[in-house]
Amino acid sequence: KYTNQVINSLVEEGMIFSYATARSLVTAKKVTEGINAKIPLIVYNGAFVIDNITEKILSAKAKKEVTPGEIIEIPVDLAMSHDGTSPPAIKTFEKVATKVWDNEKIAIVFDHNVPANTIGSAEFQKVCRDFIKKQEITKNYIHGDGICHQVLPEKGLVEPGKVIVGADSHTCTYGAYGAFSTGMGATDLAMVYATGKTWFMVPEAIKMEVSGELNSYTAPKDIILKIIGEVGIAGATYKTAEFCGETIEKMGVEGRATICNMAIEMGAKNGIMEPNKEVIQYVSQRTGKKESELNIVKSDDDAQYSEEMHFDITDMEPQIACPNDVDNVKDISKVEGTAVDQCLIGSCTNGRLSDLKDAYEILKDNEINNDTRLLILPASAEIYKQAIHEGYIDAFIDAGAIICNPGCGPCLGGHMGVLSEGETCISTTNRNFKGRMGDPKSSVYLANSKVVAASAIEGVITNPKDL
């Protein structure tokens with residue numbers, strides 16, 4: 001419909017623009033033909049390219065159309081490391097460079113062992129603090145701000161259409177906001193700190209459509225556990241997991257973050273979703289940008305996928321990932337009654353306000369079983385304060401829970417809540433591998449916060465509907 005001459009007068013090669021932007025440009029040029037409002041476009045020398053979200057974001061960065069399997073080198077918008085991965089990244093960085101490429105595009109967060117619990121972790125954090133001062137890193141969150149994957153969106157560092165990398169495997173969380181985000185090793189991140197660029201193989205994409213309604217006792221955590229149980233821990237290796245469908249479209253920001261957070265647990269390179277109205281409002285509020293200023297990217301109707309899968313959650317029971325693999329998923333009815341020594345609510349997967357609210361609804365006016373301990377870690381200081389304001393923390397303490405400072409802590413068996421030999425924990429975290437939370441002979445089950453709260457009351461794995 002449009003000649004190359006007209007299109008090239010509107011945009012530069014490789015630029016992504018939303019329908020709203022395109023419409024204003026077309027109006028300014030007095031071009032009368034319409035543009036499909038449902039399809040954001042990438043323009044390369046006047047050609048309309050049909051792609052999925054991830055391909056569009058990577059194409060824009062590469063300034064050319066990319067295809068799955070292609071190796072590309074592109075600039076990144078944000079690079080992140082934490083107190084566990086920053087020191088090895090810094091060590092490598094100092095062998096190749098003296099100054100970071102951009103001190104305002106690097107974020108360092110203390111969350112894994114905060115406050116420091118060993119001499120080793122204290123030394124790691126000192127290395128980080130010295131680097132922050134030397135390099136004048138402006139985006140540092142090192143005083144109990146919370147878990148990196150919650151703090152960065154809160155601070156307005158995550159936007160749709162951005163490329164974000166982090167020295168943490170759950171960096172894929174930011175796909176919930178429409179960003180291409182993925183984890184990498186500390187050595188790779190060191191090169192990003194030095195150059196601002198990294199290489200990727202463009203991933204194939206799996207379209208994962210979810211339909212149906214959650215009930216009073218299920219949550220987005222159950223959706224992703226169900227998906228992982230069917231796909232397997234390696235079923236999406238180095239592929240994009242693009243989540244869509246009516247259930248995803250209606251889902252709030254926090255539930256979306258839970259799902260994208262666990263994309264890595266089936267091997268995915270990244271998890272991603274088209275931003276819905278709630279996500280756009282959240283990002284606008286956090287960044288101070290209007291919707292028209294955000295690079296909202298959506299898949300074209302005819303985008304190609306290596307596979308398309310459908311998941312119907314109608315009548316789905318709470319899902320439980322059983323030891324010692326995340327894809328060892330069973331309906332709760334298959335594992336009810338399993339004794340638990342510890343219950344944990346928190347992590348970058350399920351330590352958000354909605355998770356604490358769900359736990360509050362179960363725990364208020366109840367007491368935890370005397371043979372079971374319950375640990376609760378808000379995902380950030382902001383969430384912690386909100387939970388205090390809402391009265392959740394008082395109810396948790398009254399029920400007998402131990403409230404810990406925001407951080408990763410027991411999720412990785414590094415700080416607070418470490419399991420001893422033979423102990424069993426049911427947790428809202430994201431991994432249950434052998435020895436993940438402590439002794440190799442301990443066991444970890446994964447569940448939503450409602451199930452964990454109910455289990456804390458009964459002392460055994462319990463479906464909250466049976467309380």
Nearest 0.5 Å, what's the OG-CG distance between Ser181 and Asn261? 10.0 Å
Show, in sequence, the C-alpha distance, side-chain angles and deciding distance for Leu446 and Asn430, and conclude whether the side-chain contact (heavy atoms from CB on, under 4.5 Å) test is met. CA-CA 7 Å; Leu446 305 179; Asn430 45 44; 5.6 Å; no
Over 12 foreign heavy atoms within 6.0 Å of CD, Glu246: yes
Indicate whether the side chain of Thr429 and that of Ser347 have a donor and an acceptor atom separated by less than 3.5 Å. no
Contact summary for Tyr384 and Pro406, nearest pair of heavy atoms: CD1-CD, 3.6 Å
Quick one: sort the Phe131 and Tyr193 rings into parallel, tilted or perpendicular, breaks at 30° and 60°. parallel
Could you tell me whether Lys226 and Glu230 make a salt bridge, using a distance below 4.0 angstrom between a side-chain N and a carboxylate O? yes
Are the side chains of Met309 and Val231 in contact, using a 4.5 Å heavy-atom criterion? yes
Option among Thr218, Ile332, Val329, Ile223 that satisfies the side chain to side chain contact (heavy atoms under 4.5 Å, CB included) test with Gln319: Val329
Just how far is it from atom CD of Glu73 to atom NZ of Lys197, taken to the nearest 0.5 Å? 5.5 Å
Side-chain contact test, heavy atoms from C-beta onward, threshold under 4.5 Å: evaluate it for Lys207 versus Ser306 and give yes or no. no
Side chain proximity check, Ile320 to Leu225, heavy atoms < 4.5 angstrom: no
Checking side-chain polar atoms at under 3.5 Å, does Glu242 have a donor or acceptor matched by the opposite partner on Thr54? no
How long is the span from the OH atom in Tyr177 to the CZ atom in Arg256, to the nearest 0.5 Å? 10.5 Å
Is it the case that atom CG in Asp466 sees more than 12 heavy atoms from other parts of the structure closer than 6.0 Å? yes
Phe200 and Phe180 aromatic centres sub-6.0 Å: yes
Electrostatic pair Arg431-Glu265, nearest N-O below 4.0 angstrom: yes
Is it the case that more than 12 heavy atoms not belonging to His310 sit under 6.0 Å from its NE2 atom? yes
Result for side chain to side chain contact (heavy atoms under 4.5 Å, CB included) between Leu78 and one of Ile106, Leu152, Asp102 points to Leu152
Would you indicate whether the side-chain heavy atoms of His149 and Thr171 approach each other to under 4.5 Å? yes
Between Phe110 and His143, does the ring centre distance come in under 6.0 Å? no
Would you find more than 12 non-hydrogen atoms of other residues, nucleotides or ligands less than 6.0 Å from Lys99 atom NZ? yes
Side-chain heavy atoms of Pro203 within contact of Asn270, under 4.5 Å: yes
Can you tell whether the side chains of Lys221 and Asp355 come within less than 4.0 Å, N to carboxylate O? no
Using a 6.0 Å cut-off, check whether atom CD1 of Ile71 has over 12 heavy atoms from anything other than its own residue. yes
For Glu94, is the CD atom crowded, meaning more than 12 foreign heavy atoms sit under 6.0 Å from it? yes
Taking all heavy atoms of Ala401 and all of Ile368, pick out the closest pair and write down the distance. N-CD1, 4.5 Å
For Lys250, look at atom NZ and say whether over 12 heavy atoms of other residues, nucleotides or ligands are found less than 6.0 Å away. yes
What I want to find out is whether Arg373 reaches Glu423 closely enough, with some N-O distance under 4.0 Å, to be called a salt bridge. yes
Can Lys364 and Glu361 be counted as an ion pair, charged N to O under 4.0 angstrom? yes
So does Glu307 pair up with Lys239, basic N to acidic O under 4.0 Å? no
